[in-house]
Amino acid sequence: MTWLRQRGAGRGDLVGLAVAPDGTTAVAAAGGDGRMTSLGEVAMADDEIRPRWVTWSQETAQWLVAGGARVATCWDVAAVHRLVFGGWRADPGWAWAHLHGLAPDGVPTEAPEAGPPDLFSEPDEARAGADDDPVGADGYLRAGWARGGWAAAPARILRWAQLALETAELQRAALGRLSETPIPVATARSESTAELLCAELSSDGLPLDLAAAERVLTGIIGPRPRDEVHAAAMRAARDAEVLRHAPGGMTVDLRSPVQVRSLLAAAGIDVPDTRAWRLEQFRESSPLIAALLEWRKAERIATTYGYAWLDEHLDGDGRLRGSWTGSDGAAGRMTASSGLHNMPAAMRQAVIAAPGHALVRADLGQIEPRVLAAVTGDPALAAATAADDLYLPVASQLGVDRPTAKVAMISAMYGQTTGHGGQALRRMRAAYPVAMAYLDTADRSARARRELRTYGGRRIPMSGGPGDSPAQVAARGRYGRNALIQGAAAELFKMWAVTVRARGLPLGARIVLCLHDELLVHGPAGQAEAMARLVGECLTETARRWSPDGRVRFTADISIVRSWADAKLE
DNA sequence: TGCGGCTATTG
DNA sequence: CACAATAGCCGCAG
């Protein structure tokens, strides 16, 4: 797009982008200049210039992907808003208000007295004309614009692209004021581009072989039921397998925890609840418990990951699709629906590379303690990261065995208070004073409802939430200390992921799954070795950018596999 | 019908 | 069974 070049736009420069649901597209360059264009031109300009496209949210990325115009990088206003201000809500009007210091309560909504749209209440976009400014006299974005009215006419789409750019520039300035965090702008970029990745993950799906998946299911819950009657009969048969161990022919609904508890009581087993870990100790001595635990496993598969799950989420092209969010929850992890993040391990053997393709599986090793070392700069802990197994040097520094060292480390990061980690925890305090002080500070701040900020600059709001009983205060402390670790790990992971996404493109490598510390990359079989090498190089590159002093070592276990479940083939 | 509790799966 | 998430079923309130 020569026009963009004429406006002086170069690699990495912010360029506003708006894509209406019908594909009408506008771009806006710095200085307020903009023009209507097409997705095809955007794709070409991305190749030639590679600006950083400013989008309002992942929705724009979804339109781009749907239109076949995948771009390299973006600045996602919603993602950056979540980073800078925290919380889930990140619509344009909300982000705008925060950047302009306007009270969030005042963000205009559609007038409630207007009621649902009908023949007599013209939507805002249809009334466009006299007062066609997206910003109202009160300084807020107008509700009609923010709620979709921007797409009503080309002039509005253009204005919306300009406004995205203006908003992004304000966000960048706000990030610059986060002086206490080391890499806020780099994090904003990777968090943004992670939204592009999410749109692609949602669109591309995870390769899952239907026949293999059905074989897994058959082995656990039997063949696909022919009809409802057959399904009910199989269910009853599974139930009967447990109930035949019930005392006195007692019949209960196994799906009701209350009834199961009374069943167990009748069998002489008194438990406060019926969770598997609690029942496990009775497995050997009680055939009823053993049968119940097996039933639970099968029931879980049948109801959540069974044939209905395949029918609902596995498409005809052999891809399991769900929706992806780039930064969800307390600490800004990626999340996915359709069970993509909690699929039973047994189902992984059905995740198989397409013909002529291979999967590269890569796990970050012991990511949370390494992240703790990096974000705190604790010298002793950083030294321990030189080892492949970080818990070995930690154990020797603490003078305990490896399992104890691991429990102590995880206790410190998660805030466990029960159990017998007290002595090891005291030694942790002596061995890693910088890291432990960081965690203690986070805990204290969270208890006092003071907001937190991760290494990458993500705000963790601590207002609201549960009350001030001792248990709730303690829980808030655990939440806070963990949010900083989990959050920073999520930031590092996403930077790694978007680096792999970018560098892997020439090889035809596509990320097909992100799982908190694990990447699954799919690509041509002939490029498998190159992809595996590249994933490792991307971690090195990311680590250097993320933790520039280089004193903390990050490791990944990388292997080329046909199926996700496969052991390493390297 | 909506929602909290319980349960299981994952990192 | 600490921290995080998604998701299904039960029981109860409205």
Side-chain angles (χ1 to χ4, degrees), chain A residues 88 206 220 235 239 252-261 271-281 292-306 308-309 312-313 322-348 351 361-369 371-372 406-422 425 439 442-443 446 452 454 458 460 471 474-490 493 513-520 557 564-565:
Chain A
W88 173 248
L206 175 70
I220 300 171
R235 211 163 77 134
D239 292 6
V252 302
D253 182 354
L254 296 172
R255 292 156 193 84
S256 164
V258 177
Q259 292 184 44
V260 168
R261 195 171 163 233
V271 282
D273 62 63
T274 72
R275 290 182 172 89
W277 66 267
R278 211 185 279 285
L279 301 184
E280 199 58 50
Q281 58 182 311
L292 176 65
L293 289 170
E294 290 310 303
W295 178 92
R296 283 257 177 89
K297 229 173 173 55
E299 180 73 3
R300 166 65 38 182
I301 300 284
T303 56
T304 308
Y305 304 102
W309 174 70
E312 192 174 347
H313 303 294
S323 53
W324 287 76
T325 65
S327 71
D328 200 2
R333 273 184 169 186
M334 295 173 79
T335 56
S337 66
S338 303
L340 282 160
H341 274 176
N342 47 358
M343 182 187 307
M347 192 55 73
R348 292 182 179 199
V351 176
R361 177 190 172 174
D363 289 88
L364 297 176
Q366 303 166 336
I367 186 59
E368 292 190 340
V371 160
L372 176 63
K406 183 173 176 179
V407 167
M409 181 67 71
I410 290 172
S411 300
M413 292 188 297
Y414 293 176
Q416 181 181 331
T417 49
T418 59
H420 44 278
L425 214 52
L439 293 168
D443 194 297
L452 303 170
T454 64
R458 179 175 304 282
I460 314 288
R476 206 155 57 230
R478 293 194 299 272
Y479 171 98
R481 68 165 69 208
N482 178 251
L484 294 193
I485 301 305
Q486 194 184 99
F493 175 82
L513 192 75
C514 294
L515 195 45
H516 310 314
D517 64 353
E518 179 171 2
L519 278 179
L520 213 50
D557 188 5
W564 189 14

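Since this is a predicted model, take the numbers as computed values, not measurements. The analysis underlying the following values was restricted to heavy atoms, covering all of them including side chains, and did not include hydrogens, waters or symmetry mates. In the text below, chain A, chain B and the rest are named by the order of the sequence lines, each starting its count at 1.
Of the candidate nucleotides B/dT9, C/dA4, C/dT6, B/dT9 has the atom nearest to the side chain of A/Lys297. Among the nucleotides C/dA4, B/dA8, B/dT10, the one closest to the side chain of A/Arg300 is B/dA8. Among B/dA8, B/dT9, B/dG11, the nucleotide with an atom closest to any side-chain atom of A/Ala276 is B/dA8. When the nucleotides C/dC10, C/dA7, B/dG11 are ranked by their closest atom to the side chain of A/Arg255, C/dC10 comes out on top. Set against B/dC6, B/dT9, C/dA4, the side chain of A/Pro257 has B/dC6 as its closest nucleotide. The side chain of A/Thr274 approaches B/dT7 more closely than any other nucleotide in the set B/dG11, B/dT7, C/dA5. Checking C/dC10, C/dT6, C/dA4 against the side-chain heavy atoms of A/Asn482 singles out C/dA4 as nearest. Taking only side-chain atoms of A/Asp273, from C-beta outward, the nucleotide of C/dA7, B/dT7, C/dA2 with the closest atom is B/dT7. Across C/dC10, C/dA7, B/dG11, the shortest atom-to-atom separation from the side chain of A/Arg348 is found for B/dG11.
Along DNA chain C, the nucleotide closest to A/Gly339 and the one closest to A/Arg333 are compared, and the more 5′ of them pairs with A/Arg333.
Between A/Asp273 and A/Val271, every side-chain heavy-atom pair lies at or beyond the 4.5 Å cut-off.
As a whole-Å value, the separation of A/Tyr479 OH from C/dA4 C1' is 10 Å. If you measure from atom OH of A/Tyr414 to atom P of C/dA5, you get 13 Å, rounded to the nearest angstrom. The CH2-P distance, from A/Trp295 to B/dA8, rounds to 10 Å in whole Å. Following rounding to the nearest Å, A/Trp564 (CH2) and B/dG11 (P) show an atom-to-atom distance of 7 Å. For A/Ile301 and C/dG8, the CD1 to P distance is 13 Å, given to the nearest whole Å. The CG-C1' distance, from A/Leu293 to B/dT7, rounds to 12 Å in whole Å. Regarding A/His516, its NE2 atom lies at a distance of 10 Å from the P atom of C/dA5, rounded to whole Å. Straight-line distance from the CG atom of A/Leu279 to the P atom of B/dT7: 8 Å, rounded to whole Å.
Between A/Arg255 and A/Asp239 a salt bridge is recorded (basic side-chain N to carboxylate O distance below 4.0 Å).
A/Arg275 has a side-chain polar atom (N or O) that falls below the 4.0 Å cut-off from OP1 or OP2 of B/dT7. A sub-4.0 Å separation between OP1 or OP2 of C/dC3 and a side-chain N or O of A/Arg478 is present. Contact annotation: A/Thr335 side-chain N/O to C/dA4 OP1/OP2 distance is not under 4.0 Å. Using a 4.0 Å cut-off, some side-chain N or O of A/Gln259 falls inside it from OP1 or OP2 of C/dG11.
In this structure a side-chain-to-backbone donor-acceptor pair under 3.5 Å is missing from A/Ser337 to A/Gly322. A donor-acceptor pair under 3.5 Å is absent between the side-chain atoms of A/Arg261 and the main chain of A/Thr274, judged by distance alone. With hydrogens and angles disregarded, a donor-acceptor distance shorter than 3.5 Å links the side chain of A/Arg361 to the backbone of A/Trp564. When atom types are taken as modelled, the side chain of A/Gln259 and the backbone of A/Asp253 share a donor-acceptor pair closer than 3.5 angstrom.
Taking CZ of A/Arg333 as the start and CG of A/Asp517 as the end, the distance is 7.5 Å to the nearest 0.5 Å.
For a distance-only test at 3.5 Å, the side chain of A/Arg296 fails to qualify as a donor-acceptor partner of the base of B/dT7. A donor N or O paired with an acceptor N or O is not found under 3.5 Å between the base of B/dT10 and the side-chain atoms of A/Asn342.
In this structure, A/Ala336 reaches the sugar-phosphate backbone alone: every heavy-atom distance under 4.0 Å involves primed, P, OP1 or OP2 atoms, never a base. As judged by a 4.0 angstrom heavy-atom cut-off over every strand, A/Ile485 is placed among residues making no nucleic acid contact. Within the 4.0 angstrom heavy-atom criterion, no nucleotide atom of any strand lies near A/Met413. Among the protein residues, A/Ala490 comes within range of no part of the nucleic acid, since none of its heavy atoms lies under 4.0 Å from any strand. As judged by a 4.0 angstrom heavy-atom cut-off over every strand, A/Ala331 is placed among residues making no nucleic acid contact.
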